[in-house]
*Asks:* 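Handing you a structure now.
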Protein chains: 2
Amino acid sequence: MLSPDNILIIDDEHQIRRLLEITLSANGYKISEASTGKEGLSMAATSQPVLIILDLGLPDIDGLDVLKKLREWYLKPIIILSVRSSEEDIIKALDIGANDYLTKPFRTGELLARIRVAIRQSQGTSENPVLNFGSLAIDLSNHTARKNNELLKLTSTEFSLLALLAKNEGRVLTHQYILKEVWGMGYIEQTQYLRVFIAQLRKKVEDDPAKPKMLNTESGIGYRFGS
Amino acid sequence: MLSPDNILIIDDEHQIRRLLEITLSANGYKISEASTGKEGLSMAATSQPVLIILDLGLPDIDGLDVLKKLREWYLKPIIILSVRSSEEDIIKALDIGANDYLTKPFRTGELLARIRVAIRQSQGTSENPVLNFGSLAIDLSNHTARKNNELLKLTSTEFSLLALLAKNEGRVLTHQYILKEVWGMGYIEQTQYLRVFIAQLRKKVEDDPAKPKMLNTESGIGYRFGS
DNA sequence: ACTGAATTTATAAAGGTTTTATAAGGATAG
DNA sequence: CTATCCTTATAAAACCTTTATAAATTCAGT
């Protein structure tokens, strides 16, 4: 439930909830749902969503009051989705603390874009995918690798090789496959390149290059990262 | 000019500018105006507005390109005001970095409320647009950089390059990407430009230009700022 | 299971090539 | 005219490839 991309939908219309659930799920968000104001308030507290989509026309509590209550403690984005299109309602909602206001019927693409805006603003910067193996950390999007938090000086080829093996942790990769992926189709038979580079990598990555724990060799086949 | 509640309007329609000027002034904002994209970009740099209202239909540069250029350094809210109401335009603008999107004709009360939301949010996440790296400070909105509190004399290209790398601290940026961002799409293969400017920057920024600690080279790939 | 030969692997080190750093002069725009 | 950018030239550094040799592993025949 405490997913980092969880969105809470508070809306009494089953059809809308269903539409949003499908659309948002398809775009990688996890969904929580509530059909009343009371339920919505309690779910916001328990599921800690990164964003709330709130309908103003709820059966029990007025939407603006729900918004006000939420804003007493909930600091992340709230997007209003409502049939009420009067300027007065919009201004009120925005001034109480909504981040955005869309009138039904809405365009799903636009809603998704506005959700991205809201989340972007509330988060600032997002983290990148990092492969971690004990003292070794490989940051694929930054093209950097660290051992004991110290930046390793790897050449481009060395990094490609390390990343390829690490991405396939535990799997044996054949010489040919590695050569094809790192050097290109024309180098499938240059097995010696691979040996030279593996040795260089081990010097930089392993605690004891003579007894490798990460870059393991499978004699006659290829190499394997980790266990 | 450097009023704390200065709003910049970039719109070629005189009537709209006049309407906004009256409305916003009546609500306590100071106004700067520009009628072309080029003028808007330079005014954004000089008048440092807390918020920018941008029309997409400008006579000289496409509004989306103005938005993109602004977002290279301008971190405060940008609200789009446009006659274009297609979902595609809205999504594009929001994803490029707009905070909100209103279609003309708009309701002034709603615009005012959305301005309040935007300013409220930008103050909440009051990130100063100054990047700090030890003795080096880079002020994105002023287009200035200081080393040991002394202003560095950087050309516009040098600053763009430094800012781009600094904004992506720790990440390896490829030659092509840097050339595209700083010089433009047509310069992707002019790697030597980059080398020349990196050398110049290192002379100004590094303690020992021969042993760079900030502007690191990743041979065969590109450059990386910091560790 | 042991031995020795054959195969495969590890590693250092020596060219050779590509990439980078830097200075300096010419071109250009404001 | 001046600041900035572009271009060229050349030396230095980094990187890749190749070679050589020792070590490890596999395997066949006993």
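Keep in mind that what you see is a predicted model, and the values were worked out from it rather than measured. Here is how names work: the chains are called A, B, and so on, in the same order as the sequence lines, proteins then strands, and each is numbered from 1.
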*Asks:* Taking only side-chain nitrogens and oxygens of B/T155, does any of them come within less than 4.0 Å of OP1 or OP2 of D/dC5?
*Replies:*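 So the side-chain polar atoms of B/T155 do come within 4.0 Å of the phosphate oxygens OP1 or OP2 of D/dC5, strictly under.
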*Asks:* Examine C/dT20: is either OP1 or OP2 under 4.0 Å from a nitrogen or oxygen in the side chain of B/H175? Give yes or no.
*Replies:*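 Result: yes.
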*Asks:* Using only atom types and a distance under 3.5 Å, with no angle test, would you say the side chain of B/R202 pairs donor to acceptor with the backbone of B/L215?
*Replies:*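 Yes.
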*Asks:* Does OP1 or OP2 of C/dT19 have a side-chain N or O of B/T217 closer than 4.0 Å?
*Replies:*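 Looking at the OP1 and OP2 atoms of C/dT19, neither is under 4.0 Å from any side-chain N or O of B/T217.
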*Asks:* Would you say A/K203 reaches C/dA12's phosphate, i.e. side-chain N/O to OP1/OP2 under 4.0 Å?
*Replies:*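 Answer yes for this pair, as a side-chain N or O of A/K203 is under 4.0 Å from OP1 or OP2.
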*Asks:* Nearest of D/dC6, D/dC15, C/dT22 to any side-chain atom of B/A199?
*Replies:*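 Among the listed nucleotides, the one closest to the side chain of B/A199 is C/dT22.
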*Asks:* Do B/K76 and B/S122 get their side chains close enough for a donor-acceptor pair, meaning under 3.5 Å?
*Replies:*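 No, no side-chain donor-acceptor pair sits under 3.5 Å.
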*Asks:* For B/E158 and B/G220, take the nucleotide of DNA chain D holding the closest heavy atom to each; which residue's nucleotide lies nearer the 5' end?
*Replies:*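 Its nearest nucleotide lies further toward 5', so the answer is B/E158.
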*Asks:* Does C/dA10 have OP1 or OP2 under 4.0 Å away from a side-chain N or O of A/Y193?
*Replies:*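 The answer is no; no side-chain N or O of A/Y193 sits under 4.0 Å from OP1 or OP2.
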*Asks:* So what does A/Q192 touch, heavy atoms closer than 4.0 Å: a base, only the sugar-phosphate, or nothing?
*Replies:*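 Contact class for A/Q192: base.
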*Asks:* Indicate whether OP1 or OP2 belonging to D/dT7 is found under 4.0 Å from a side-chain N or O atom of B/Y187.
*Replies:*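 No, no such contact exists.
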*Asks:* Can you find an N or O donor on one side and an acceptor on the other, under 3.5 Å apart, linking the side chain of A/E218 with the base of D/dT25?
*Replies:*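 No pair found.
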*Asks:* Scan side-chain atoms only and decide if B/Q15 and B/R18 contain a donor-acceptor pair under the 3.5 Å cut-off.
*Replies:*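 No.
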*Asks:* OP1 or OP2 of D/dC16 versus the side-chain N and O atoms of A/W183: is any pair under 4.0 Å?
*Replies:*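 False: A/W183 side-chain N/O out of range (4.0 Å or more) of D/dC16 OP1/OP2.
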*Asks:* Which heavy atom of B/A137 sits nearest a heavy atom of B/V130, and at what distance?
*Replies:*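 Nearest heavy atoms, B/A137 then B/V130: CB-CG1, 4.3 Å.
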*Asks:* Looking at the side chain of A/S219, which of D/dC15, D/dT17, C/dT9 is the nearest nucleotide?
*Replies:*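 When the side chain of A/S219 is considered, C/dT9 is the closest of D/dC15, D/dT17, C/dT9.
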*Asks:* Would you say the ring centers of B/F159 and B/W73 fall short of 6.0 Å from each other?
*Replies:*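 No.
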*Asks:* Would you say a side-chain N or O of B/K153 is under 4.0 Å from OP1 or OP2 of D/dT4?
*Replies:*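 Looking at the OP1 and OP2 atoms of D/dT4, one of them is under 4.0 Å from a side-chain N or O of B/K153.
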*Asks:* Would you mind reading off the bend of the helix from C/dA1-D/dT30 to C/dG30-D/dC1 from its two end axes, five pairs each, to 10 degrees?
*Replies:*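 Angle reported: 50°, given to the nearest ten degrees.
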*Asks:* If the plane angle is over 60° it's perpendicular, under 30° parallel, otherwise tilted; pick one for A/H175 and A/Y223.
*Replies:*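 Correct class here is perpendicular.
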*Asks:* Closer than 4.0 Å, any side-chain N/O of A/T157 to the OP1 or OP2 of D/dC16?
*Replies:*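 For A/T157, the contact criterion (side-chain N or O under 4.0 Å from OP1 or OP2 of D/dC16) is met.
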*Asks:* Kindly point out which of D/dT8, D/dT4, C/dT9 is positioned nearest to the side chain of B/V196?
*Replies:*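 Closest nucleotide among those given: D/dT8.
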*Asks:* Any chance the side chains of A/Q48 and A/N6 put a donor and an acceptor closer than 3.5 Å?
*Replies:*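 Per modelled atom types, A/Q48 and A/N6 side chains form no pair under 3.5 Å.
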*Asks:* B/R195 has a side chain; which of D/dA9, D/dT26, C/dT20 sits nearest to it?
*Replies:*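 My answer, after comparing the listed nucleotides, is C/dT20.
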